Amino acid sequence: MPFIPHTETDVQQMLTSIGVSDIADLFDEIPAELRIGSLDKIPTGLNEMAMSRLMHERAAGPQPLCFIGAGAYEHHIPAAIWEIVTRGEFYSAYTPYQAEASQGTLQLIYEYQTMMAHLTGMEASNASLYDGASGLAEAVLMAVRANRKSKSKRILMPATVNPAYRRVAQTIVENQGITLEVVDYQPGSGAIDTASLPAEPGDVAALVIPQPNFFGVLEEVNGLTDWAHAHGMLVIAVVNPTSLALLTPPGEWGEQGADIVCGEGQPLGVPLAGGGPYFGFMCCNLKHVRQMPGRIVGRTVDADGKPGFALTLQAREQHIRRSKATSNICTNQGLVVAAATIYMTLLGAQGLHKVALKSHQNRQALCEQLQMIDGVTSAFASASFHEFVIQFDGVSADEVLDRLLAEGILGGFNLSADYPALGEAILVCATETKTEADISAYQSALSRVMETLKGSAA
Amino acid sequence: MPFIPHTETDVQQMLTSIGVSDIADLFDEIPAELRIGSLDKIPTGLNEMAMSRLMHERAAGPQPLCFIGAGAYEHHIPAAIWEIVTRGEFYSAYTPYQAEASQGTLQLIYEYQTMMAHLTGMEASNASLYDGASGLAEAVLMAVRANRKSKSKRILMPATVNPAYRRVAQTIVENQGITLEVVDYQPGSGAIDTASLPAEPGDVAALVIPQPNFFGVLEEVNGLTDWAHAHGMLVIAVVNPTSLALLTPPGEWGEQGADIVCGEGQPLGVPLAGGGPYFGFMCCNLKHVRQMPGRIVGRTVDADGKPGFALTLQAREQHIRRSKATSNICTNQGLVVAAATIYMTLLGAQGLHKVALKSHQNRQALCEQLQMIDGVTSAFASASFHEFVIQFDGVSADEVLDRLLAEGILGGFNLSADYPALGEAILVCATETKTEADISAYQSALSRVMETLKGSAA
Amino acid sequence: MTRNTIDSPQDGVIFEKSHRGRSNSCQAPQLNATETAVPLSIPASLLRKSAPLLPEVSEMQAVRHFTRLSQKNFSIDTHFYPLGSCTMKYNPRACNRLAMLPGFLNYHPLAPVETGQGFMACLYELQEILKEVTGMKAVSLTPMAGAQGEFAGMAMIRAYHDARGDTARCEVICPDAAHGTNPATAVMCGYKVKEIPTRADGDIDIEALKEAIGPQTAGIMLTNPSTVGVFERRITEIAKIVHDAGGLLYYDGANLNAILGKVRPGDMGFDVIHMNLHKTFSTPHGGGGPGAGPVGVSERLMPFLPVPMVDSSGDHYRWLTRKDRPQSIGQLSAFAGNAGVLMRAYIYARLLGREGMPRIAEYSVLNANYMMVELQKRGFDLAFPSRRATHEFIVTLKRQAKRLDVTAMDFAKRLLDYGYHAPTTYFPLLVPECFLIEPTETEDKETLDGFIDAMAKIQHEAETRAKMVRAAPYTLPSRRLDDVRAARELDIVWNSKE
Amino acid sequence: MTRNTIDSPQDGVIFEKSHRGRSNSCQAPQLNATETAVPLSIPASLLRKSAPLLPEVSEMQAVRHFTRLSQKNFSIDTHFYPLGSCTMKYNPRACNRLAMLPGFLNYHPLAPVETGQGFMACLYELQEILKEVTGMKAVSLTPMAGAQGEFAGMAMIRAYHDARGDTARCEVICPDAAHGTNPATAVMCGYKVKEIPTRADGDIDIEALKEAIGPQTAGIMLTNPSTVGVFERRITEIAKIVHDAGGLLYYDGANLNAILGKVRPGDMGFDVIHMNLHKTFSTPHGGGGPGAGPVGVSERLMPFLPVPMVDSSGDHYRWLTRKDRPQSIGQLSAFAGNAGVLMRAYIYARLLGREGMPRIAEYSVLNANYMMVELQKRGFDLAFPSRRATHEFIVTLKRQAKRLDVTAMDFAKRLLDYGYHAPTTYFPLLVPECFLIEPTETEDKETLDGFIDAMAKIQHEAETRAKMVRAAPYTLPSRRLDDVRAARELDIVWNSKE
Ligand SMILES: Cc1ncc(COP(=O)(O)O)c(C=O)c1O
Ligand SMILES: Cc1ncc(COP(=O)(O)O)c(C=O)c1O
């Protein structure tokens, strides 16, 4: 029996001790009419050999060169990370309820909190939320709770925030009567026009500021932050953690800095893996820490006075506070956080800076080369991080992407569904994993594709 | 600097402490004329990202269905094995010289020794030799030392022993004036004809008996063992460990059992990996244990009387005995032994028996199907384990193998170089990894190939 | 021998090992001279002024640090871990290995599905398996943990009532034994929570339920077996009461291990269920996560399932989005949830197969009943002595706390010294000095016996050396930690000035 | 607090956890009814009568057992491990990961090379890299460890003399400081060994060499830097003496780390060299192995290199066998040696690159010299105080052993308590109470300082509490183990009767 150690003798001894004659007797409190007959639609068991072969077949296939970003980014992942993370002691432990038996996990999270706080320029970090999108939803809920100056449930949500994040936030916050009001971007720059923000926005709980925004474009975070604070809003920053090695940390935006910082942790050593598990990070300053959802680890001392670590501020959490908790989150993304912690440790500030810089340079090079192709224009000339938008003249973005794929290239993410105003447009990403050769490969493939499509159109 | 932790400050402090001004000064005892200028032919360093990409490219390519055995066998390898074996505590430790700091490795080897002893039916096992072939060479050297009745340096080496093993044994033992005398096999059975063995073989140190032999055929091990013992020879068994779940253990061969048992450990959870690292195992009875090469672990007690483990009988080894050691072996194949130990633990006697049985059944099925093909004959009708020899009528074995490969099948090992008397013949293997579909795939591919080749020949 | 023991030289926080200027050139991209320059394309006002404080250590220092940290954990792979409600069973290594094949890891979530059909096939088949084993009509895999599954479920209940214009239902009923996520979720979905008591026999107080229920009731959140470790025998009656009142039944699937392949939530009358794949389907708990909390629904909630879901037409698999399912409560994650966790659960389910599922229930229940009976024989008090255990059961140490001043917490800490992770303590809250013990099916009898012996020994220690027990543990990397100080003198970020 | 510590319930040998009838059906092939029958095709006389005693445990029991065992080891990934002569440096995880890509692992050694060109390319390039960095003319990768490399080397020397009909050369000269494998190898190749002494300054006694050498001399086996941790300054002179006498020079490459990229054995006049890739090229030591011991040769020994080797013609790679190289000493392994180890070494070499090689020497030598000087400052006696350290150096604890009756062994065991693996003890034999200390380049200064402090503390303990030191260690899974009993009451196989 897979994974069950019982011998016939064990079973007999145990049944005798219990005083029943059959395992079935242990289920005698379940009303007979409820018992299942069979599970016909479930295939019979496979041994590991057969399963392994099946999964190898399913994992096989060509691996195209990937220029898609749009919220999940291909970065180099040091081999050491997952070799350590999948050690049984991390992999098969759970939430560190028994602190003395979980110092490994606890210290690691404390170190993670420290790294994230320093990276974002904030004073506190939690131990993770599910992902960047649900993390933003939690940030919105937190902002409504935390903004003492405002009674409002209105949130200003720029159109330049990842549309998937906006959808998720909507799903999660709408049940509490919170409204997300769209702030539009400037068609020329792909960013929010600080100048055109209303002088009298009314009572609003928070402004969300993405940096970089979904188009890869950098927002005027300082002006936006100051404007929001001037109108009694909190500022929720949604940031890419890699970019923070290069860009002003939210804690330093404008005069006072952002109030809540959240984002997707995936770029920090987490494989693309079809979309998860990733993790959402969240940071804030100490004055708001009691409103923060999620686990937090604190350093303390043991009975001998030696430093040690334990979960802290648990009175925010569902297992203590139940219906009054800051969130319902319980299981989080701990193992992925372990990966990110090791990633940041292996890279260090210098290494992360190089990753950010190289990604940015690759984006510049690729964008430059692509927009030289006939029929291809760059949508925005603004400063960007590692993504950009290109528009196609007279050909369908879907068609272009299909043909690029036939050449072994994942060309980008089609924006037409989310941003119809952009026409036939895609979002392209180049990280540090791309070589000069990769960039030329894209360039020449797209040239060929555009020529063919133009030709067939003509 | 990859893998070097020193900061500029560290280096300065260390140089000051030493009292030199430059690292170069530390090399001042090396005569100037010997110093290297440059290492032009070595490429400059790559970072892990680039290296990873290069290796992924080099590892890519189709993976044909493999029916080659001939000393290296494809078996299912439980995922748990290498996840545990590559844990740093096993992977990056060394020979357990400090027993108290190496109880993990030591206990594991003790457990390994126990398993191997039980599997082979012997009283003692060492902690590994390099591989099956060099292990046989060591067994020959050991037999010459251990056979008190004989002064001879003659060894009888059947032609049915893996030719590569015979070549390796030759390389290693010839320098000590030991001669390996070939014992031929019976063309009909593919095994040694016990009946035709000489009545007066003269003074011979040992007879080597392979089981199964290189053709996959089972030797008459009982008769051979008794004959050898009757003539004052020791018996060296060369066995496939998987087969021992099914076949009589060498410790029970004939009246008294084999004296030295060796073989290739690769089938026990070790990947094919282009030929290594594998490991050679060696077992014997206690009366010969002081002649055995390699490390041995013993159970003892610590200062508190608690059981513990330590290297033992070290007076056999080079680091103590130097020129009088039983062998020069020092570094062995410890990590691979760890894999085999976990393999045997996960499979257990029942599991290993099923592996052996299923392999045998697959061999039977495949052999039956292949010999029905026109122009294909099975060379030997004898009882076999999981390999067999087929001969091609009028077509070249190389040609057949090439064409099978074009159909995605590694058809077997070409025997013509080592056994020209067999004509155009290949050695084919089917282990438990092969499904019915795989077997038919081979059958139909070979049918097609034979038809084409016969067609083009006609 | 403590006087001869030495604190390890290696055990500070990683920042104490950090030295400015150390770096792993091997892990960073190579930049040429022009590339290292400040990017002129980015205005200075948006650039970071000073480098963040991240550790600057060598690769080996990092590997050594985190390897050593890992060794300070108890885990399933190293210790018996009978943490009630958490189903700490063996996580097969094959699930990890196979889910981490490069073809899966490198798959971008927004890549065309044509390039990920193998991956999609796994998810689709997992949906089908979960439907069958829970008796629900449709499953969405996207929730990323149990609590998010609960959210999805309650949001669907709300969407259902709303779709029918039945908008006055503002209350959700929870038993007092419910897991904290249940009331917290109900509130996140905009509901008020009404608690109903648990009877002395562990079942719900049906009279109280009848009193609590009414036209304001949106639904009820239950687990069955419940968090007190017994099977709610009158579940069909409860379902009828709730349905008759126009409410829906939510099933918290955290305890599915006890009934897998034996009885199905769908057949009990539940309208919506979440599963904790990190429990019942053996995906790892990872020091706190990730998990996965798929939701299954009965016919009437089908339109509201969260997206994306996987659809199959013959051999082709594709995502269903809001476009395909306009009444969906929407998206819960940026992509499709914790895909890698789902892959592990899929592999586990296929390894078990149809015949393996009921065995999970059988042997986890056997283990729990055995431990319960043996502990009772050794003199421990059961919270619900008249009942069968399910996959878990409750011992109450109230007597010990009163008589000996040795609490459940003290027992828990002393168990660590004996090499066992402690059971869940102080949950459910209604049982005083509560030990919720869940052995799972993957533990062997000797291990259970060892734990039982340890409990008996600690009981003896409590009687003879209570002070010693109260100061446990002694043999772990830390002695008992000061939680109060952790909260009062908040130190949650390391500062270099120290 | 020992009275409060408890022996772990989990720590017996695996056979004690075994129960007849337990099995992992998940790991065994599925057999149908006819298949489970006894195979009639095999005569009963050849079939096993009773099942071998192998453990019968669940997969989790196995995982837990071996995971816990692993935690009882010191290793590079967890501890400073300055084991002299063994070069215990960081083993980059990328080398392991990339060498274990499925494409490499599934490659059958007898598959046509067309299906493994990527694999062959790695080996070919490794040959080229090793040639360049050692200054030899050709390299064969096949020897599976240093000792087998030594064997290959000495067999080539023999083949060389034989090929010239120079068959009277029956002696090999080794310094008394030589590693045990050197004399043992010479004997395996049919030679007699003649030892020559080491001078007080660590160099070879050249006068003794001159006396020992003659027409009977086949060659000399040297390491440089030698096993006493100094560079043999008169190596060119020695080479001339040996060559003039018609002998050849064998270079034991175990200490290559000290001179990598700085000076090449080929340039020193050596005819043949082995390398320990598990040392200098950072492949793991694996609790005893596997390693790899490629050999490099000068022009005159080229024909004799062991096969197979890898040949390249443009972009195509193939094996060279005896057919191509008829004078080869032959094959040393069934296939091509420890291929997976070679792959790890190749990856390491490419990560380092040309510029990384000399850095290895520089920083390993810096670390050793720093430690040597600091230990001397703390009052320890150096074996060769007048010399620079190379990558390692020797402290002699003769004075402590005499005055305090605290031996090198005692110091070693007490170091374990401090969290450091002990240096190599009692080797080389010529230095009494010898500590051969090799920090390697991958350790940081704080770690070295910590070790130096620990040595000083133990020195103080030896002076004040010698008895305590003599009974160390205290904090490890075992107290000091009884070696004598291990050999006298031989227990090397577990028997179930116990
Ligand atoms: C009974 C019960 N319900 C709900 C949950 C919440 O599940 P999760 O932690 O996956 O969010 C848990 C587990 O922690 C639980 O035990
Ligand atoms: C100086 C020296 N020579 C030779 C060897 C033998 O190498 P191996 O152990 O790889 O056989 C060693 C290592 O153990 C050594 O230190």
Side-chain angles (χ1 to χ4, degrees), chain B residues 5 10 14 34 39 41-42 44-45 48 55 58-59 88-89 91-95 99-101 103-105 114 117-119 130 133 164 167 171 175 271 273-277 298-300 302-303 308 310 312 318-319 322-323 325 328 331-335 345 348-351 354 358 383 432, chain D residues 23 28-29 42 51-56 62 69-70 72-77 94 98 101 103 105 107 109 118 132 144-145 147 180 183-185 189-190 193 263 284-291 330-331 334-336 338-340 353-354 370 444-445 476-481 486 491 493-494:
Chain B
D10 292 337
M14 292 168 84
L34 290 180
L39 298 169
K41 290 190 198 133
I42 300 178
T44 54
E48 188 182 309
M55 294 305 282
R58 290 200 171 163
E89 299 95 320
Y91 187 76
S92 74
Y94 201 17
T95 309
E100 298 81 2
Q103 287 296 298
T105 289
T114 302
H118 287 298
L119 196 60
Y130 302 128
R167 288 193 290 269
T171 307
N175 291 314
R299 190 157 67 146
T300 180
D302 72 3
T312 192
Q318 47 73 30
H319 64 288
R322 302 179 67 80
S323 63
N328 69 343
T331 295
N332 58 21
Q333 307 286 115
L335 197 69
T345 303
Q350 266 187 49
K354 284 187 184 168
K358 182 83 184 181
E432 88 285 6
Chain D
S23 74
I42 299 180
L53 180 82
L54 294 181
E56 300 181 74
L69 276 193
S70 77
K72 294 184 176 186
N73 273 358
F74 279 33
S75 67
I76 302 173
D77 278 10
L98 298 176
L101 290 172
L105 289 191
Y107 182 52
E132 177 80 353
M144 289 180 283
T185 297
C189 284
V193 176
V263 46
H285 290 77
Q331 236 173 287
F335 304 107
N338 282 338
R354 178 195 302 164
Y370 173 72
D444 55 55
K445 179 170 175 295
L476 278 81
S478 288
R479 297 288 313 280
R480 202 176 297 196
L481 287 154
D491 173 359
V493 163
W494 192 84

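These figures come from a predicted structure and were not determined experimentally.
In terms of heavy-atom pairs under 4.5 angstrom with chain D, the leader among B:S92, B:A325, B:G298 is B:S92. Taking B:Q318, B:R167, B:Q103 one by one and counting their heavy-atom pairs under 4.5 Å with chain D, the maximum is reached by B:Q318. Contact count versus chain D (heavy atoms, under 4.5 Å) is highest, among B:N332, B:T95, B:D10, for B:N332. Chosen from D:A184, D:A62, D:G288, the residue pairing most often with chain B at heavy-atom distances under 4.5 Å is D:G288. Residue with the most contacts toward chain D among B:R58, B:E48, B:Q333: B:R58 (heavy-atom pairs, distance under 4.5 Å). Looking only at heavy-atom pairs under 4.5 Å with chain D, the residue among B:G88, B:G274, B:A99 that has the most is B:G274. With respect to chain B, the highest number of heavy-atom pairs below 4.5 Å among D:G190, D:G287, D:A145, D:S23 belongs to D:G287. Of the residues considered (D:N338, D:T185, D:D77), D:N338 shows the highest number of contacts with chain B, using heavy-atom pairs under 4.5 Å. Among D:C189, D:G353, D:G180, D:G330, the residue making the largest number of heavy-atom pairs under 4.5 Å with chain B is D:G180. Your options are B:A164, B:A383, B:P271, B:P5, and the one with the most heavy-atom pairs under 4.5 Å with chain D is B:P5. Between chain B and the options D:P284, D:P52, D:G291, the largest number of non-hydrogen pairs under 4.5 Å is found for D:P284. Each of D:A147, D:A336, D:A28 has some count of heavy-atom pairs under 4.5 Å with chain B, and the biggest count is that of D:A147.
Interface remark: D:L105 contributes backbone and side-chain atoms alike to the contact with chain B (heavy atom separation under 4.5 Å). Only the side chain of B:A117 comes within less than 4.5 Å of a heavy atom in chain D; its backbone stays farther off.
Contact record, D:A51 with B:A349: CB-CB, 4.1 Å, taken as the closest heavy-atom pair. Residues B:E89 and D:N73 approach most closely at O-ND2, 2.9 Å, considering heavy atoms. The shortest non-hydrogen separation linking B:L335 to D:P290 is CB-CD, 3.7 Å. Smallest separation of non-hydrogen atoms from B:A133 and D:A334: CB-N, 3.6 Å. The shortest heavy-atom contact between D:H285 and B:Y94 is CB-CD1, 3.2 Å.
Here the CZ atom belonging to B:R299 is positioned 5.0 Å from the CG atom belonging to D:D491, to the nearest 0.5 angstrom. Atom CZ of D:F74 sits about 10.0 Å away from atom CD of B:E100, to the nearest 0.5 Å. Taking CG of D:L481 as the start and OG1 of B:T300 as the end, the distance is 6.5 Å to the nearest 0.5 Å. Note that CZ of D:R354 is 8.0 Å distant from CD1 of B:I42, once rounded to the nearest 0.5 Å. Here B:Q350 contributes atom CD and D:L54 contributes atom CG; the two are 11.0 Å apart, rounded to the nearest 0.5 Å.
Between the D:E132 side chain and the B:K41 main chain, a donor and an acceptor come within less than 3.5 Å of each other. Listed for the B:T171 side chain is a donor-acceptor partner under 3.5 Å among the backbone atoms of D:Q331.
In this structure the side chain of D:M144 never reaches within 4.5 angstrom of the side chain of B:T331, judged on heavy atoms.
Partners of B:K358 by salt bridge (Lys or Arg N to Asp or Glu O under 4.0 Å), not counting sequence neighbours, listed by chain and number: D:E35. For D:Y107, the ring pair (Phe, Tyr, Trp, His ring centres under 6.0 Å) partners at least two apart in sequence or on another chain are D:F119.
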